[in-house]
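Here's the structure, in structure tokens; my notes come after.
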Amino acid sequence: MKLQDTLSNSEQTLDISKKVRIYLCGVTVYDESHIGHARTIIVFDVLRKYLESKEIMVEFIQNFTDVDDKIINRAKLESTTAEQISSKYIQNYFTDFDRLNVKRATNYPKATEHIEDIRNFIKRLIEKDIVYVTKNGVYFSVSKFPDYGKLSKKKIDELQSGARIEVDEAKKDPLDFALWKFSDVEPVWDSPWGKGRPGWHIECSAMSIRYLGENFDIHGGGRDLIFPHHENEIAQSESFTSKQFAKIWMHVGMVTINGEKMSKSLGNIRTIKHVLDNWGPNIIRLFCLSGHYSKPIDYSEELLKENLIKWRQAETCYYELIHANNENHNNEIKSSVKETSDDFDNALKSDFNTHLALLAFFKLVKEVNYLAAEEKLGSNDAKIIIPEFERMLNILGLVIPKITSEQKQQIDNWIIEREQLRKEKKFQDADKIRDNLNEMNIELIDHKGKTIWMRKERIKADS
RNA sequence: GGUACUCUGGCAGAACGGUUAUGCGUGAGCCUGCAAAGCUUAUACAAGGGGGUUCGACUCCCUCGGGUACCUCCA
């Protein structure tokens with residue numbers, strides 16, 4: 001599998017000969033998660049599910065930043081503690097992402113639970129004379145790391161001339177960044193240099209190395225983290241270990257609205273909860289996977305709608321498959337399934353192109369729906385198709401709502417009754433049954449010889 | 001201002017330098033008791049502008065321009 005690596009700006013082959021270790025920069029828990037967070041996390045969720053489907057072991061670590069100025073400010077605003085705020089939004093995070101069918105990470109380390117690791121990290125950097133202490137905190141000296149700027153392709157002197165960098169007189173260089181900030185206000189921890197709390201970047205270095213070792217496979221996050229966050233992580237970590245840090249840097253493009261990045265300051269946030277309530281998990285996942293992960297994707301009703309239509313086709317396909325019961329046999333099914341399967345895998349193997357993978361998936365969907373509508377889909381065909389269909393569904397993290405066997409029995413009875421009414425040309429009564437079923441999100445599909453049902457996902461935006 | 005990325009039909013999005021995919025949408029028709037599902041067919045000046053290399057360029061080079069992101073917290 002090849003992935004575009006931000007650092008080398010080239011495609012790198014992912015080593016799958018042993019366990020794949022992935023670190024994803026998660027969220028700062030001070031507010032609800034939005035659809036931009038969802039995209040990054042869903043991309044990595046699918047990457048992971050794909051690898052696992054190939055029986056490759058994956059160690060997937062995703063952090064929560066639970067100590068940060070934004071959290072502290074929020075706590076002040078709500079006259080509560082930072083701890084209350086972060087635990088509230090961690091819960092909120094899981095509510096959202098469980099609904100999105102995102103598999104839980106191997107571990108979700110928190111900054112506040114790794115203070116000791118962070119202190120040890122800083123200690124070693126002090127021993128190496130790479131950081132220094134001022135009246136405000138402990139700072140990383142960028143000039144001590146010659147490769148600074150290699151990830152974001154920035155030149156130090158150009159950055160320094162930038163007017164927007166805050167000036168802290170105590171710092172030796174405006175680019176130097178805090179590993180430890182002195183403070184007396186909770187949350188606060190002791191350290192050999194003074195009471196305070198960790199800076200933003202240090203937690204990811206400390207925790208990724210703690211959980212994944214000094215040289216792991218993939219480090220990811222949103223594109224907006226390249227600078228300064230990931231640049232600083234590299235500086236710290238490689239100074240700490242004297243080794244290459246992550247092997248592959250994978251960055252997910254922004255979700256935009258009308259071409260503009262979703263952000264607090266612009267006030268154009270769409271929370272996951274909001275989108276989920278309207279569109280449900282499957283459509284959001286399809287939407288997030290509909291473009292190449294590295295490129296921006298524009299949030300619009302139109303695109304969501306397009307994915308809704310596709311999702312309906314996929315649902316139809318599923319129900320056509322499980323209801324297929326005739327004797328027909330299509331010789332070309334086997335090769336067609338094989339082709340889809342190959343296209344799907346090849347798309348993902350080549351820089352994780354989920355768009356092309358979806359194209360392959362929907363080609364199969366269309367083929368099935370066509371055969372079914374023509375009464376040409378045999379049960380043996382279905383037997384060949386279903387495993388592959390479900391394999392792709394699982395990798396993509398799409399879930400068809402299930403139904404109990406009692407409900408199934410009930411539906412079958414309704415269908416028989418409706419058939420009878422239709423035969424008697426009592427169409428109004430027959431339609432009433434169909435309408436009632438629709439109310440329950442059961443849709444009927446009339447084929448020439450038989451009527452099948454499907455359980456449609458209830459989607460608010462579709463009604 | 002600097003750096004990176006990007007610019008293909010109404011929208012999304014592909015293509016070894018030589019077949020202008022594909023999906024959605026839209027129009028017409030078929031199927032159906034009616035719907036839904038499905039089908040057929042049509043539709044699109046498609047390539048940001050201008051140069052160049054080439055027998056031939058979406059694909060290579062130059063140039064100009066637009067957009068977005070980052071340069072401050074940000075998935």
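Chain naming here is simple, since letters A, B, ... match the order of the sequence lines and numbering starts at 1 in each.
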Salt bridge flag under 4.0 Å for residues [X] and [Y]:
| X | Y | answer |
| --- | --- | --- |
| A:K144 | A:D173 | no |
| A:D66 | A:K110 | no |
| A:D45 | A:R48 | no |

So, for [X] and [Y], is the gap between ring centers shorter than 6.0 Å?
| X | Y | answer |
| --- | --- | --- |
| A:F389 | A:F361 | yes |
| A:F177 | A:H229 | no |
| A:Y89 | A:F64 | no |
| A:Y93 | A:F97 | yes |
| A:H201 | A:H230 | no |

Span that lies between the [atom1] atom of [M] and that of [N], in whole angstrom:
| N | M | atom1 | answer |
| --- | --- | --- | --- |
| B:U63 | B:C7 | C1' | 16 Å |
| B:A15 | B:G50 | P | 25 Å |
| B:A35 | B:U43 | P | 27 Å |
| B:C45 | B:C70 | C1' | 37 Å |
| B:U40 | B:C31 | C1' | 11 Å |
| B:A42 | B:C24 | P | 16 Å |
| B:G13 | B:A46 | C1' | 13 Å |
| B:A14 | B:A4 | P | 23 Å |

Within residues 32-47 of chain A, which residues have any heavy atom lying less than 4.0 Å from an atom of RNA chain B?
A:H34, A:G36, A:H37, A:T40
For the pair made of [atom1] in [X] and [atom2] in [N], what is the distance, rounded to whole Å?
| X | N | atom1 | atom2 | result |
| --- | --- | --- | --- | --- |
| A:H355 | B:C24 | NE2 | P | 12 Å |
| A:I283 | B:A12 | CD1 | P | 19 Å |
| A:E260 | B:U6 | CD | C1' | 17 Å |
| A:H230 | B:C70 | NE2 | C1' | 14 Å |
| A:L321 | B:G38 | CG | P | 13 Å |
| A:L303 | B:G23 | CG | P | 17 Å |
| A:M254 | B:A69 | CE | P | 10 Å |
| A:K261 | B:G67 | NZ | C1' | 16 Å |

Have A:Q12 and A:S8 got a donor and an acceptor in their side chains that come within less than 3.5 Å?
yes
Using a heavy-atom cut-off of 4.0 Å across all strands, would you classify [X] as base, sugar-phosphate, or nothing?
| X | answer |
| --- | --- |
| A:V252 | nothing |
| A:D431 | base |
| A:K363 | nothing |
| A:R434 | base |
| A:G26 | sugar-phosphate |
| A:R270 | nothing |
| A:M262 | base |
| A:S263 | nothing |
| A:D446 | base |
| A:L225 | sugar-phosphate |
| A:K310 | sugar-phosphate |
| A:I309 | sugar-phosphate |
| A:F427 | base |

Check the angle between the aromatic planes of A:Y293 and A:F352 and answer parallel, tilted or perpendicular using the 30° and 60° thresholds.
tilted
Take the angle between the ring planes of A:F245 and A:W249 and call it parallel below 30°, perpendicular above 60°, tilted in between.
tilted
Pairing nucleotide - [N], Watson-Crick or G-U, each distance under 3.5 Å:
| N | answer |
| --- | --- |
| B:G25 | B:U43 |
| B:C73 | none |
| B:G65 | B:C7 |
| B:C55 | B:G18 |
| B:C31 | none |

Closest approach to the side chain of [X], judged atom by atom: which nucleotide of [options] is it?
| X | options | result |
| --- | --- | --- |
| A:E302 | B:C11, B:A75, B:G38 | B:C11 |
| A:K70 | B:C31, B:C73, B:A75 | B:C73 |
| A:E374 | B:C31, B:G38, B:A36 | B:G38 |
| A:P228 | B:C39, B:C71, B:C34 | B:C71 |
| A:I445 | B:A37, B:G38, B:C31 | B:A37 |
| A:K154 | B:C71, B:G38, B:C11 | B:C71 |

Starting from the 5' end of RNA chain B, give me the residue, A:R422 or A:H447, whose nearest nucleotide shows up first.
A:R422
Taking for each residue the nucleotide of RNA chain B bearing the nearest heavy atom, is the 5' side occupied by A:I297 or by A:K153?
A:K153
Would you call A:P296 and A:V255 a side-chain contact if the rule is heavy atoms closer than 4.5 Å?
no
Quick one: is [N] close enough that its OP1 or OP2 comes under 4.0 Å of any side-chain N or O from [X]?
| X | N | answer |
| --- | --- | --- |
| A:N369 | B:A37 | no |
| A:K366 | B:C24 | yes |
| A:Q313 | B:C24 | yes |
| A:N307 | B:A12 | no |

Kindly say whether, by distance alone, the side chain of A:E306 makes a donor-acceptor pair under 3.5 Å with the base of B:G23?
yes
